Amino acid sequence: MKPRRPGGERLRGLVDQCLAQQQTAPRPAPAQPAPATLPRPAGVPVPTDPMHRCLPPSDVHAALDARLFGDYWALAGWTVNPDVYLVTGEGHQVGWVVRGLAGIGDRWVAMREGYFIGDINTQEAMLHDTPEQAARTVHTAYLQNL
């Protein structure tokens, strides 16, 4: 038989009292289930404008064909990220082209004002084989003010 410590009964009484209070206290209401959220549309998320990605100053510049685009149209990009080019025209950024998005593979898509340029009926982005073809789509959308 173990020797009893003085005050041990008092400690046991305090523990029993705390347990009794916990068992008789009103229980909190169960948490309400989170409201059902709308499912996100399946597909490819829109990439962020390259000018907001903290990339270094562009170091790749390729003039676009003046016969198709007019004067002062170019692709500007980065050697550290060869899958993104800005489409510049008339002295400012008009849009950008991106390659290698999830679900698209090695094709280029044209972007303007934060949106894919594509078929309005099917809601699918136009796919291009080269950045110049995608830039042509950006150019057309710019001229038509889309």
Side-chain angles (χ1 to χ4, degrees), residues 5 7-8 10-146:
R5 292 186 184 165
R10 181 171 167 247
L11 181 59
R12 182 72 191 152
L14 286 173
V15 170
D16 289 342
Q17 183 181 2
C18 282
L19 288 173
Q21 286 177 352
Q22 288 176 356
Q23 291 175 353
T24 59
R27 293 186 179 203
Q32 297 293 329
T37 57
L38 296 174
R40 290 188 146 191
V44 179
V46 175
T48 306
D49 185 334
M51 296 305 289
H52 299 287
R53 294 187 197 176
C54 300
L55 291 168
S58 65
D59 56 354
V60 175
H61 298 278
L64 294 169
D65 188 355
R67 290 175 295 149
L68 297 174
F69 291 87
D71 293 332
Y72 309 112
W73 283 80
L75 290 174
W78 299 266
T79 53
V80 296
N81 190 356
D83 294 331
V84 177
Y85 288 103
L86 298 176
V87 179
T88 60
E90 302 177 2
H92 63 279
Q93 178 188 347
V94 175
W96 67 96
V97 296
V98 181
R99 174 179 59 182
L101 296 176
I104 294 176
D106 202 32
R107 306 290 300 272
W108 290 88
V109 293
M111 308 286 302
R112 176 152 163 75
E113 297 181 358
Y115 296 97
F116 291 111
I117 300 174
D119 189 330
I120 195 162
N121 296 319
T122 63
Q123 298 291 309
E124 293 180 350
M126 290 177 68
L127 302 178
H128 305 85
D129 294 324
T130 66
E132 291 81 8
Q133 290 174 348
R136 179 77 174 153
T137 301
V138 172
H139 178 259
T140 302
Y142 173 76
L143 292 178
Q144 295 177 359
N145 199 23
L146 297 177

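On a predicted model such as this, the values are computed, not experimentally measured, just so you know.
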Does [X] reach the side chain of [Y], with side-chain heavy atoms less than 4.5 Å apart?
| X | Y | result |
| --- | --- | --- |
| Trp96 | Arg112 | no |
| Val94 | His139 | no |
| Leu68 | Trp73 | no |
| Ile117 | Val138 | yes |
| Glu132 | Leu75 | yes |

Please report the closest heavy-atom contact between [X] and [Y], naming both atoms and the distance.
| X | Y | value |
| --- | --- | --- |
| Ala110 | Ala134 | CB-O, 3.5 Å |
| Val97 | Ala135 | CG1-N, 3.7 Å |
| Gln123 | Ile120 | NE2-O, 2.7 Å |

Once you round to the nearest 0.5 Å, how far does [atom1] of [X] lie from [atom2] of [Y]?
| X | Y | atom1 | atom2 | answer |
| --- | --- | --- | --- | --- |
| His92 | Tyr142 | NE2 | OH | 4.0 Å |
| Asp59 | Thr79 | CG | OG1 | 3.5 Å |
| Phe116 | Met111 | CZ | CE | 4.5 Å |

Step by step, work out the side-chain contact (heavy atoms from CB on, under 4.5 Å) result for Leu127 and Val109.
-> CA-CA 5 Å; Leu127 302 178; Val109 293; 3.6 Å; yes
Carefully, step by step, assess Gln93 and Val87 under the rule side-chain contact (heavy atoms from CB on, under 4.5 Å).
-> CA-CA 6 Å; Gln93 178 188 347; Val87 179; over 6 Å; no
Between Thr88 and Ala74, is there a donor-acceptor pair closer than 3.5 Å when you use the side chain of the first and the backbone of the second?
-> yes
Backbone N or O of Trp108 within a donor-acceptor pair of the His128 side chain at under 3.5 Å?
-> yes
Under the side chain to side chain contact (heavy atoms under 4.5 Å, CB included) rule, collect the residues that match up with [X], sequence neighbours excluded.
| X | result |
| --- | --- |
| Ala76 | Ser58, His61, Leu86 |
| Asn121 | Asp119 |
| Asp129 | Arg107, Gln133 |

